[in-house]
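Quick caveat: nothing in here was measured; it's all calculated off a predicted structure.
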Amino acid sequence: MGLLRELLLLPLAPARGAGWVLAQTVAEAERQYYDPAVVQRELGALEEQLNEGVIDEAEFERREDELLDRLHPPHEGMTR
């Protein structure tokens, strides 16, 4: 029965493969987005922009809050 099922699903193999690749890409992007080391580097760069006068205090605080939220990613099945 398994062989027959695989033969019937063979035309869908490219779509299933593309779906797998997409899922892997999304997982890696999320891992990098929520990586504490990346967030820390971005916080440092943000502080430099504030010190150099590139951004004002309000912009700094807004972006800092966004970065700090990334340190606590949402969990599946839970609402924030």
* Any residue meeting salt bridge (charged side-chain N to carboxylate O under 4.0 Å, His left out) with Arg62, in chain and number order, not counting sequence neighbours -> Glu59, Glu66
* Asked: In Å, rounded to the nearest 0.5 Å, how long is the span from CZ of Arg5 to CG of Leu10?
  -> 12.5 Å
* To do: Specify the closest pair of heavy atoms between Pro11 and Pro14, including all atoms of both residues, with the distance to one decimal.
  => O-CD, 3.5 Å
* To do: Apply side-chain contact (heavy atoms from CB on, under 4.5 Å) to Leu68 and Val39, showing your working.
  => CA-CA 8 Å; Leu68 292 176; Val39 173; 5.6 Å; no
* May I have all residue pairs that pass salt bridge (Lys or Arg N to Asp or Glu O under 4.0 Å) and include part of residues 35-56, sequence neighbours excluded? => Glu42-Arg70
* **Pairs involving residues 20-33, ordered by first then second residue, that meet side chain to side chain donor-acceptor pair (under 3.5 Å) (sequence neighbours left out)** => Glu28-Arg31, Glu28-Gln32
* Structure fact -> Tracing side-chain contacts under 4.5 Å among Ile, Leu, Val, Met, Phe, Trp and Tyr outward from Val38 reaches none
* To do: Please list, chain by chain and in numerical order, all residues satisfying side-chain contact (heavy atoms from CB on, under 4.5 Å) with Leu46, sequence neighbours excluded.
  => Gln49, Ile55, Phe60, Arg63, Glu64, Leu67
